[in-house]
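Just so you know, these numbers use all the heavy atoms, side chains as well, and skip hydrogens, waters and symmetry mates. Atoms within a ligand are numbered from 1 in the order they appear, just like the ligands themselves. Residue indices begin at 1 and follow the sequence shown.
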Amino acid sequence: MTAAAHTFELLWRGGATASRLHRRRPGLDAMPWGTLELARYTAPVAAEARALWTSGVFTEYASAAAFSALTTTMLECGAPIDLVAMSADIVVDEMFHVELSSRLTMELGGAVELDFDLAKVAPITTPGARPLMKAAELAVTTSCVGESLSVPAIARSRVLAQEPLVRAVLDRLLADEGPHARLGFWFLEWAAAELTDVERAKLARMAEDAIEVYAPLWQEPCEACPDTDLRGHDAEGRCALRAAVHRGIAQPLARVGIELDAARLAELTS
Ligand SMILES: [Fe+2]
Ligand SMILES: [Fe+2]
């Protein structure tokens, strides 16, 4: 994106590695690249869309790092083979999302500058925690909370999107994100019997803290999200996010023995 130190910059090798990715994740060529009519939008709307999709690229990249860390901790705690394989496969999904979002950002006129130290991209777990707990922490924050909220957010953006290219990219992201949100709960179903009461209580607080980070998305009209059909949110989208906190996160977590604090949850979704 730019060459300054610590500025988020992406590279593409091409050749055999690109062919392998596209064999594993087909569909890119069928998308309507080159159809975006930027002249239909005012300069501030186009600039906002560039900023939103630039941060979208980064979010996808960070998700790849998070599922990568989750995969490693799942290997360290001896999680079921197919569950670990799914987590590793999600990393490839996220790298494909990075590619799609980057290409879309380029069609919007290119990325905006984003300063970030990639050495800090992976999520941190509690120092000294045992592997099972580290995996559970990452499952809760990355999958159960983060991915469960990205599903309604992308779904609402898809409803609002008019541009065929934006719709095609969002359709693809949406199709993949559902299973990303399931993985964490499947891991916790397996791990539940092994986790202690203290660990479960700690995981509940971590889930609440993670939800709090996302709360600005539904607590107030998002200043960074104008009513643009390039990507944006509205009152209905905020409502869907609040509902997802209860139905997509708190209730399924309770079923695996992780009980969120009702009062704090009510406050966060008020
Ligand atoms: Fe993604
Ligand atoms: Fe994802």
Indicate yes or no: does [X] engage [Y] in a salt bridge with an N to O separation below 4.0 Å.
X: D176; Y: R172; answer: yes
X: R264; Y: E267; answer: no
X: R25; Y: E99; answer: no

Worksheet, complete the sentence: Among N, O or S atoms, H180 approaches the Fe ion (ligand 2) most closely through ND1
Discussion item. Looking only at N, O or S atoms, which one in E177 sits nearest to the Fe ion (ligand 2)?
Written reply: OE1
Fill in: Any N, O or S atom of E94 closer than 2.8 Å to the Fe ion (ligand 2)
yes
Worksheet item: Does E60 put an N, O or S atom under 2.8 Å from the Fe ion (ligand 1)?
Response: yes
Discussion item. Restricting to N, O or S atoms, which atom of H97 is closest to the Fe ion (ligand 1)?
Written reply: ND1
Worksheet item: For the ring pair W12 and H22, is the centre-to-centre distance below 6.0 Å?
Response: yes
Practice prompt. Apply the test side chain to side chain contact (heavy atoms under 4.5 Å, CB included) to residues R103 and L28: give CA-CA distance (whole Å), side-chain angles for both, the deciding distance (0.1 Å), then the verdict.
Written response: CA-CA 10 Å; R103 288 185 187 274; L28 179 100; 3.9 Å; yes
